[in-house]
Amino acid sequence: MNIPQLIPVGDPSAETFTINLGPQHPATHGVLRVKLEMDGEFIVNAQPVPGYIHRMHEKMGENRTYAQYLPNTSRIDYLSAMTYTHAFVGAVEKAAKIEVPLRAEYIRVITSELNRISSHLVGWGAWIMDLGGFTPILYAFDDREKILDLLEAITGSRLTYCYYRFGGVCDDVDQTFIDGCKAFVPYMRERMKMYKKLVTGNIIFRKRVEGIGPISAEMCRKYGACGPVLRGSGVNYDVRKAEPYSIYNQFDFDIPVYQECDSLARYLVRMDEIEQSLRIIEQACAKIPEGPFQGKVPRILKLPVGDTCFATECGRGRLLVRITSDGKEEAYRIRLRTPCFTNLSLFEEASQGMMLADAISLMASLDLVIPDIDR
Amino acid sequence: MIESIFKFFTTEPYWTLTRSILYLVGICIFVAANAAYLVWVERKGAGRFQRRPGPTESGPWGLLQPPADGIKLLAKQLMAPPGSDKILFWAAPLMVIAPPLVCLAAIPFGNNVLARDLNIGLLMVFSFGSINVMALMLGGWASRNKYAIISAARVVSQNVAYEIPMLLVVITIIMVTGTMNLQEIIVQQAGGFWNWNILRGIWDFSGGGWGHIGGNLLAPVTFLIFYICMLAETNRAPFDMAEAESELVAGAFTEYGGMGFGVFFMAEYANIVVGCALATILFLGGWQSGLGSGFGTLLTSWGVIGTVIGVGFFFAKMYFLIFSVVWIRWTFPRTQFYGLLNLSWKILIPISLFTLLLTSVLLKLPRLF
């Protein structure tokens with residue numbers, strides 16, 4: 001966990017140079033720019049410069065109705081669109097006191113967890129790719145393809161789903177989908193065994209992540225880090241358990257927590273989370289009840305005056321949607337507290353004195369989605 | 001030097017001169033064909049590893065992909081970044097492709113199938129082989145790009161670190177075989193596969209009967225060290241520090257476009273061919289069949305047919321090694337830079353020094369009693 005510091009950080013006598021990692025760089029997976037102050041291969045200071053893909057999602061919420069804003073939420077973190085729409089839909093339902101039928105809640109849980117697995121698979125593959133191993137991402141995409149096929153059949157889209165509606169979901173699921181999910185669970189468990197052999201046990205991979213990028217629980221609290229980053233630092237916090245939303249309290253699953261605080265811990269948290277998500281899907285598919293999939297929603301949706309907050313656990317951490325309403329059809333203010341922004345903010349402190357390649361490994365372990373940082 | 005060249009052209013027999021020229025032309029074609037089609041093999045192989053077909057569009061099984069790539073690269077404008085050192089910038093690709101061409105001149109592909117039968121062939125291959133580093137360094141340095149400079153610095157320390165264990169391992173081979181002539185090293189490994197240097201080091205049957213203990217008990221380990229060093233010297237994954245695309249964009253080649261990049265790319269494969277050919281010669285018996293002495297004499301006594309079969313054996317071994325290089329690249333992630341240096345300085349160099357010591361002791365012991 002302790003990398004010996006080979007150069008004194010911030011030593012004024014050190015001759016440094018600045019290097020721009022991004023906005024167009026293979027390792028930033030988007031348009032993130034990091035200004036690196038380097039002393040040879042060592043990073044003296046790394047300053048992230050977000051804002052290259054700012055799309056004013058929060059502002060857009062102020063001039064369109066709640067239903068019109070719904071598709072926006074799935075485009076913020078495009079890898080976990082389901083959980084993002086869930087947070088917004090949940091906030092509106094909470095404010096407008098809309099009842100959601102039980103079947104719809106089950107469908108939401110199943111689709112959210114499928115989405116979480118596909119998100120972790122992309123993060124996993126992209127991480128190994130950042131470390132120079134090309135093959136795992138194609139295996140990950142092969143599995144993800146199965147999830148996308150399942151979700152495409154019921155939602156009609158493959159990436160930016162807009163499937164949840166206020167009071168339920170857009171369309172009912174059929175038996176084919178449930179059977180597909182049931183078949184996917186054992187398939188994915190077999191694949192996870194292979195991934196453990198191929199990647200987790202690989203000595204080069206272990207050397208690249210074990211003890212690299214220590215992020216203490218203290219640092220997580222300081223910057224508000226969340227999700228697998230926080231759980232890899234030994235803090236047992238998952239919104240699904242801490243403040244259960246939807247029907248997550250009806251399922252039997254564990255929150256993987258690792259005390260090592262390094263990149264490997266964050267990696268293992270994600271791998272274990274895939275398995276826990278499979279457990280949830282298995283239980284939900286067995287218990288899903290018959291019934292309506294859409295509750296009663298007023299034709300013109302106006303929220304009562306005041307603030308409403310609703311948090312969900314998405315692939316990268318805690319997403320909080322806060323809607324401030326002044327009683328009109330549009331929100332007065334929509335605030336999105338996204339996990340990638342807070343997770344990125346600790347990069348500057350965590351990467352001090354690291355070598356460039358380790359910093360790339362650390363950044364990959366944060367599993368950033370750049371549009372989620374800029375919103 | 002001019003005198004010696006003049007002497008070469010006037011006193012050498014007519015056939016030697018013709019043969020040299022023929023071989024040099026042949027080597028150029030061989031390198032070009034290998035570079036082109038190893039890219040195809042690499043892409044097809046990567047496709048298989050990654051559950052996708054690889055190139056399929058141009059020609060049957062994508063076989064016309066390399067010429068198509070070559071035409072594309074040739075058609076591109078050659079550009080040097082403003083402020084770069086133009087001379088060094090364009091000298092680097094030439095310097096990187098020339099050494100493997102020279103190295104191949106000394107490598108025997110079959111019984112007497114070589115351009116020049118040099119007494120010090122091994123020394124020549126190594127001395128030319130290490131120029132490659134300087135070319136990468138110059139290319140990175142002249143590019144006037146920070147990523148390229150970082151890469152250049154990495155390449156130098158990496159190659160210095162890996163040249164040492166590689167040479168130490170080769171010295172053990174020289175001590176056991178007693179020659180630097182590659183042709184002679186192969187001839188010594190005649191007979192069954194147990195006579196190859198990789199196994200002969202442990203138990204030597206060449207004297208007949210039950211044989212005796214070999215000169216290098218750790219011969220398989222030295223082969224492994226040689227192979228790892230060969231990967232590092234040719235800048236292949238998992239040691240591709242020079243072109244660490246997820247860290248340094250394209251490393252030393254960042255500013256090269258068109259055929260400038262293409263030449264670096266070709267040189268990478270030419271270097272792999274040289275490295276794998278050398279591994280085959282030094283450890284795996286070169287063009288010897290490894291099927292026992294009966295078949296071995298057949299290769300030398302059957303004239304042209306025997307030679308061709310020998311070349312076949314050589315290529316089978318060499319391309320197996322090359323395939324394993326491709327295999328490794330698409331399986332493992334890249335090592336961390338200090339991990340790479342640690343591996344060399346803390347593990348490979350001590351082990352190879354130990355094998356050197358062991359070999360010298362084992363060779364001296366019988367003479368003491």
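Order of the sequence lines sets the chain letters (A, B, ...), proteins ahead of strands, with each chain counted from 1. Keep in mind it's a predicted model, so treat the numbers as computed, not measured.
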So what's closer than 4.5 Å to chain B heavy atoms on [X]: side chain, backbone, both or neither?
X: A:I203; answer: neither
X: A:F134; answer: both
X: A:F17; answer: side chain
X: A:L131; answer: both

If you draw a 6.0 Å radius around [atom1] in [X], do more than 12 non-hydrogen atoms from other residues or ligands fall strictly inside?
X: A:F341; atom1: CZ; value: no
X: A:Y187; atom1: OH; value: yes
X: B:L63; atom1: CG; value: yes
X: B:K76; atom1: NZ; value: no
X: B:R52; atom1: CZ; value: yes

- Query: Can you tell me how far the CG atom of A:L138 sits from the CZ atom of B:F49, to the nearest 0.5 Å?
  - Reply: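 Atom-to-atom, A:L138:CG and B:F49:CZ are 13.0 Å apart.
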- For chain A, which residues from residues 134-151 of chain B lie under 4.5 Å away (heavy-atom distances)?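 The stretch touches chain A at B:K146, B:Y147, B:I150.
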- Side chain of A:T135, backbone of B:W330: donor and acceptor closer than 3.5 Å? yes
- Is the shortest heavy-atom distance from the side chain of A:F205 to the side chain of B:T335 under 4.5 Å?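 A:F205 does not reach B:T335 side chain to side chain.
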- Any A:K207 side-chain heavy atom under 4.5 Å of B:Q336 side chain: no
- Task: With a 4.5 Å cut-off on heavy-atom pairs, point out which of A:T18, A:I19, A:V199 contacts chain B the most.
- Result: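 Sorted descending by pairs with chain B, the first entry is A:I19.
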- Interface residue of largest heavy-atom contact number with chain B, from A:L198, A:D142, A:T28, under 4.5 Å: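 Top option by heavy-atom pairs under 4.5 Å: A:D142.
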- Task: Could you tell me which non-hydrogen atom of A:I204 sits nearest to which non-hydrogen atom of B:R334, and how far apart they are?
- Result: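 Nearest heavy atoms, A:I204 then B:R334: CG2-O, 3.6 Å.
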